[in-house]
There are 2 protein chains.
Amino acid sequence: MAKYERIADDLRTRIQAGEWLPGERLPTETPDLTTCYKASLNTVRQALGLLVAEGLVDKVHGRGNFVRKPRKPVTRTNGRHQWEKDRARESEGTRRETGATEHDTGLTVSDLVFSADFREAEANEDLADLFGVPVGTKLLERTYRTRYREEDEPFNVAKSYLVYEVVEANPALLDPAHEPWPGGTQNQLFTLGIELDRIEERVSARSPTAEETEELGLKAGVSVLVLRKISYDITGNVVEVSEVTLPGDRTEMVFTTPLDRW
Amino acid sequence: MAKYERIADDLRTRIQAGEWLPGERLPTETPDLTTCYKASLNTVRQALGLLVAEGLVDKVHGRGNFVRKPRKPVTRTNGRHQWEKDRARESEGTRRETGATEHDTGLTVSDLVFSADFREAEANEDLADLFGVPVGTKLLERTYRTRYREEDEPFNVAKSYLVYEVVEANPALLDPAHEPWPGGTQNQLFTLGIELDRIEERVSARSPTAEETEELGLKAGVSVLVLRKISYDITGNVVEVSEVTLPGDRTEMVFTTPLDRW
DNA sequence: GAGTGGTCTAGACCACTGT
DNA sequence: CAGTGGTCTAGACCACTCC
C-alpha cells in the first residue's frame with residue numbers, strides 16, 4: 001500500500017474516531033502533516049485528495065482543510081407527480097400551502113429558499129425532437145434553484161423548457177414574479193387546458209462541470225445526478241422537458257413501481 | 001488559468017480533433033509530454049488526471065495513456081418489473097428465451113455474459129430492519145455480475161438478499177448452478193408462493209470505492225450509481241433487497257410514472 | 001503581513017508490461 | 001531488458017483569507 005494511502009487511512013480513522021469534529025480544521029499541510037507523517041507536500045496532498053473524493057474533507061484555499069459537516073440528505077420521490085396532479089385542480093389557498101419539494105422532504109415552505117429565472121430560448125435538435133417541433137422554435141426556459149434556508153448553496157438546479165407559443169396563452173405564466181407558482185407546473189399546464197398522462201424520468205451520473213461544481217457548492221470528486229424529466233399529455237405529446245442537476249452525495253431518489261395483481 | 005488546465009485543454013482539443021483515435025496511445029508522460037509542454041511530470045500528470053476524470057483518457061500502468069473507447073450505454077427501465085411479473089407464470093420455455101436485462105437493452109441472451117455467486121450471510125441492522133427480522137438472521141446473499149460478451153469488465157454488479165428460511169422451501173433456489181434462472185427473481189419467488197405488490201428503487205450517486213473501481217473497470221473520477229431495490233409482497237412484507245452498482249458514465253435509468261386521469 | 005492551500009519544478013526510484 | 005506509468009522528495013513561488 002502506498003504511503004499516501006496509509007496517510008489517508010490514518011486520517012480517516014482519526015476523523016471517524018472524533019479527533020476532529022465536523023467543521024473543525026485539520027492540521028496544516030505544511031508544516032504539520034508533512035512533518036507528522038514524514039512525507040513531502042505532494043504525498044500529503046495526494047492523501048487529502050482521497051478524503052475529499054470520499055466527501056470526508058473540505059479543502060478551502062487560504063483557510064485550511066476541514067472535516068466536512070454532513071449535509072442534509074434530500075429525498076425526491078416519483079410519488080410527487082401524482083400528488084401534484086391531484087393538487088393541480090385544488091383551490092389556490094390549498095395549492096399555496098405546500099409544494100412538491102416540501103411534500104418529498106417533509107419540510108415547510110419557510111424552510112426552503114427558491115429562486116426563478118426566465119428567458120426565451122430556441123429549440124436545439126434534441127429538444128425539437130422531443131417536443132415534435134422544428135429546430136429553432138421559440139421556447140420558454142425557466143431556471144429554478146432551491147436551497148435550505150440555513151445553507152448557502154442550492155441542492156437543486158433545474159432548467160425547464162416549454163413551447164413558448166403554448167405558454168403565452170396565459171401571460172401570467174411568462175412572469176417569474178409569479179414564482180413559486182402555487183400548485184407547480186401541473187397547475188400551470190391546467191390553466192392552459194393540458195392534462196398529463198405520464199412522466200418519464202431518465203437518470204444518470206457523472207462528474208460535475210466546473211460551473212456545476214461552483215453552483216452546487218460541490219467539492220472535487222463529488223458526482224452529480226442528472227435527471228431529465230419528460231412530461232407527456234393525454235394526447236401523447238411532450239409538453240415539458242426539465243433537466244435537474246442534483247449533488248450525488250446528498251440526494252436520494254425514490255421510485256416506486258406498483259405491479260398489477262395476478 | 002493554471003498550466004495543467006491549459007495542457008488538459010490542449011490535449012482535449014487534439015483528441016476531439018481526432019489526432020489520436022479511440023484506443024490509440026497518447027505520447028508518453030516522460031519524456032514526450034513534459035518536453036512538448038515544457039512542464040514537469042507532476043504538472044503533466046495533473047492535466048491527464050482531468051482528462052481521466054472526464055472519461056476521455058484511460059491510464060494503464062506500464063503501457064501508456066490511451067484515448068478511451070466509448071463504452072456501450074446501458075439502459076435500465078422500471079417497466080422491467082411489470083414485464084418480469086407477467087412473465088413469472090409463463091412456461092419455462094418462454095421464460096428461458098430472454099431476461100429483464102435483455103428486455104431493457106434490446107439485446108439477446110448470447111450478447112451478455114452472466115455470473116452468479118451465492119453465500120450465506122447474517123442480517124445486519126439495516127437489512128434486519130427492512131425484512132422485519134432479528135439482527136443476525138440467516139440470509140442468502142447472491143452476487144451477480146453482467147457484462148457484454150465483447151467487453152472485459154461487467155457493467156453491473158448486484159447483491160441480492162433473501163431470508164434463508166423462506167428460500168430453502170425450494171432447494172433448487174440455493175444452487176447457483178441454476179442461474180441464470182429463467183424468469184428471474186419474480187419466478188423464483190412465485191415457486192415459493194410469493195407475489196410482488198410493488199418495487200421501490202432508491203438511487204444515489206457517489207465516488208466508487210477502490211473495490212468497485214477495480215470490479216467495474218472504472219477509472220479514477222468516474223462516479224457510480226447506487227440503486228437499492230426493495231421488493232414488497234402483497235402482504236406488505238419486504239421479500240427481497242437488492243443493491244446494484246452501475247457505472248455512472250454509461251448507465252441511464254428510465255423511470256416512467258403513469259398518472260391517474262382527471 | 002502572517003498563515004494557509006495551490007501550483008510547479010527537477011530529479012530519484014519503484015512497479016508493471018511487453019519483448 | 002527497455003519502456004512506461006506510479007510514487008515520492010525538497011524546495012520555490014503564487015493566490016487566497018483573515019487580522
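The sequence lines fix the lettering, A, B, ..., with proteins before strands; numbering per chain opens at 1.
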What string of B, S and - do you get for nucleotides 5-11 of chain C 5' to 3' if you count protein non-hydrogen atoms under 4.0 Å?
BSBBBB-
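Inter-residue side-chain proximity for A:Leu50 and A:Asp9 is flagged as unmet; no heavy-atom pair is nearer than 4.5 Å.
Scanning for side chain to side chain donor-acceptor pair (under 3.5 Å) contacts around A:Arg45 gives A:Glu29, with sequence neighbours left out.
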N/O donor-acceptor pairs under 3.5 Å from side chains in residues 16-23 of chain A, not counting sequence neighbours:
| unit_1 | atom_1 | unit_2 | atom_2 | d |
| --- | --- | --- | --- | --- |
| A:Glu19 | OE1 | A:Arg14 | NE | 3.0 |
| A:Glu19 | OE2 | A:Arg14 | NE | 3.2 |
| A:Glu19 | OE2 | A:Arg14 | NH2 | 2.7 |

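For A:Glu5 and A:Lys3, the salt-bridge test fails: no basic side-chain N is under 4.0 Å from an acidic carboxylate O.
A:Phe114 and A:Tyr144 have tilted rings, their planes meeting at an angle from 30° to 60° on a 0 to 90° scale.
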